[in-house]
Amino acid sequence: MSKKNKENKDIELEEKANEVENPEAAAEASENQESAEAEAKESSEAKDEEKTAEAPKEPSLEEQIEELKKQALYKQAEFENFRKRTLKEKADLILAGGEKTITAILPVLDDFERAMADQSDDPAAIKEGMKLIFQKFQKTLESLGVKKIETDGVDFNVDYHEAIAQVPGMGEDKVGKVIDCVQTGYTLNDKVIRFAKVAVGQ
């Protein structure tokens, strides 16, 4: 028997002798050891439960699909609301634009009513009054962005003019130029809203 084994054997014999001599102390020591082991076990189990609770739960494939469906429905509803709001704003702008135009023209209408109510027989006065109303109406249209398309002696331009006739024999300097305007054209904010109907030299 080796020296180390012999020492261990002596320690075991000594512990057994102590148990025989003092059984109460031995029992208390045994209980303390069991209690310590139970506490250690409970602590280990609690730590395991905490780790399990702290670990994030991975969503299943079905849950991911449901979440994506919810997001798609939300985006679709959001887009539908945006589309309706845009259409409403557009309609409001059109109505507001019409209101602005009518409000600007009403003073000209008032002038026409006053001219119609005038009992004057003087042709010169009547003509002067009509001229003033016409000029006021032109200024009102210009304030709304409406401008007359120029036709006097200008080159024919398909972007602004519509040729309804060609006039030959006007001379070389009149070829391709506007000879006469049959119907005045207009632009609204630089966009043609009615082409000028003209006769062009050939």
Side-chain angles (χ1 to χ4, degrees), residues 36-116 132-166 176-178 180-200:
E37 289 177 358
E39 287 179 3
K41 185 177 180 182
E42 287 177 3
S43 177
S44 176
E45 289 175 354
K47 286 180 180 177
D48 291 341
E49 288 177 2
E50 286 178 5
K51 287 181 180 177
T52 304
E54 289 175 1
K57 183 182 176 184
E58 283 292 328
S60 65
L61 187 60
E62 288 79 7
E63 289 174 341
Q64 292 179 19
I65 291 171
E66 285 299 320
E67 183 63 27
L68 289 173
K69 282 182 179 178
K70 287 179 183 177
Q71 291 180 12
L73 287 172
Y74 174 76
K75 293 295 182 185
Q76 185 178 359
E78 195 176 44
F79 176 75
E80 186 65 21
N81 290 335
F82 168 76
R83 189 181 68 82
K84 287 178 181 178
R85 186 169 62 252
T86 304
L87 288 174
K88 185 178 182 302
E89 288 175 357
K90 185 177 179 181
D92 290 343
L93 283 173
I94 292 171
L95 289 173
E99 182 181 347
K100 179 183 176 183
T101 302
I102 297 300
T103 303
I105 291 174
L106 285 177
V108 179
L109 181 63
D110 295 337
D111 288 345
F112 273 119
E113 286 180 349
R114 281 190 285 270
M116 295 286 289
L132 290 173
I133 294 173
F134 176 71
Q135 289 174 348
K136 184 175 182 178
F137 187 53
Q138 278 187 320
K139 288 181 180 178
T140 301
L141 290 177
E142 286 176 3
S143 70
L144 295 171
V146 179
K147 292 182 181 178
K148 179 181 176 182
I149 295 175
E150 291 299 325
T151 56
D152 294 338
V154 299
D155 293 330
F156 176 76
N157 187 339
V158 293
D159 292 333
Y160 297 102
H161 308 133
E162 180 184 345
I164 60 171
Q166 290 184 333
K177 289 190 177 292
V178 175
D180 185 29
C181 179
V182 179
Q183 187 180 71
T184 305
Y186 293 94
T187 61
L188 174 61
N189 298 325
D190 297 326
K191 177 185 176 183
V192 176
I193 56 175
R194 190 173 81 177
F195 289 93
K197 293 182 179 181
V198 297
V200 184

Inter-residue atom distance [X].[atom1] - [Y].[atom2], 0.5 Å rounding:
X: E63; Y: L68; atom1: CD; atom2: CG; answer: 12.0 Å
X: K191; Y: L188; atom1: NZ; atom2: CG; answer: 8.0 Å
X: N81; Y: R83; atom1: CG; atom2: CZ; answer: 10.0 Å
X: I164; Y: K197; atom1: CD1; atom2: NZ; answer: 7.0 Å
X: T151; Y: F156; atom1: OG1; atom2: CZ; answer: 12.0 Å
X: K88; Y: K90; atom1: NZ; atom2: NZ; answer: 15.0 Å

(message) Run Q135 and L132 through side-chain contact (heavy atoms from CB on, under 4.5 Å) and show every step you take.
(response) CA-CA 5 Å; Q135 289 174 348; L132 290 173; 4.1 Å; yes
(message) Assess whether a salt bridge exists between K139 and E142, defined as any Lys/Arg side-chain N lying under 4.0 Å from an Asp/Glu carboxylate O.
(response) no
(message) Given T187, which partner from the list R194, K148, K147 fulfils the side chain to side chain contact (heavy atoms under 4.5 Å, CB included) test?
(response) K147
(request) Start with the C-alpha gap between I149 and H161, add the side-chain angles, then the distance that decides, and say whether side-chain contact (heavy atoms from CB on, under 4.5 Å) holds. (result) CA-CA 8 Å; I149 295 175; H161 308 133; 3.9 Å; yes
Determine whether more than 12 heavy atoms belonging to other residues, nucleotides or ligands lie under 6.0 Å from atom [atom1] of [X].
X: D152; atom1: CG; result: no
X: Y186; atom1: OH; result: yes
X: D92; atom1: CG; result: yes
X: Q76; atom1: CD; result: no

(request) Locate the shortest heavy-atom distance separating A104 from T140; write the atom from each residue and the value. (result) O-CG2, 3.3 Å
(request) Search all heavy atoms of D159 against all heavy atoms of V192 and return the closest pair with its distance. (result) O-CG2, 3.4 Å
(request) Could you go through the side-chain contact (heavy atoms from CB on, under 4.5 Å) check for V200 and V198 one step at a time? (result) CA-CA 6 Å; V200 184; V198 297; 4.1 Å; yes
(message) Less than 4.5 Å apart, side chain to side chain, heavy atoms only: is that true for K70 and Y74?
(response) no
(message) I'd like to check E66 versus E62 (side-chain heavy atoms, cut-off strictly below 4.5 Å). Are they in contact?
(response) no
(request) Would you list the pairs meeting salt bridge (charged side-chain N to carboxylate O under 4.0 Å, His left out) in which at least one residue belongs to residues 94-115, sequence neighbours left out? (result) D111-R114, D111-K136
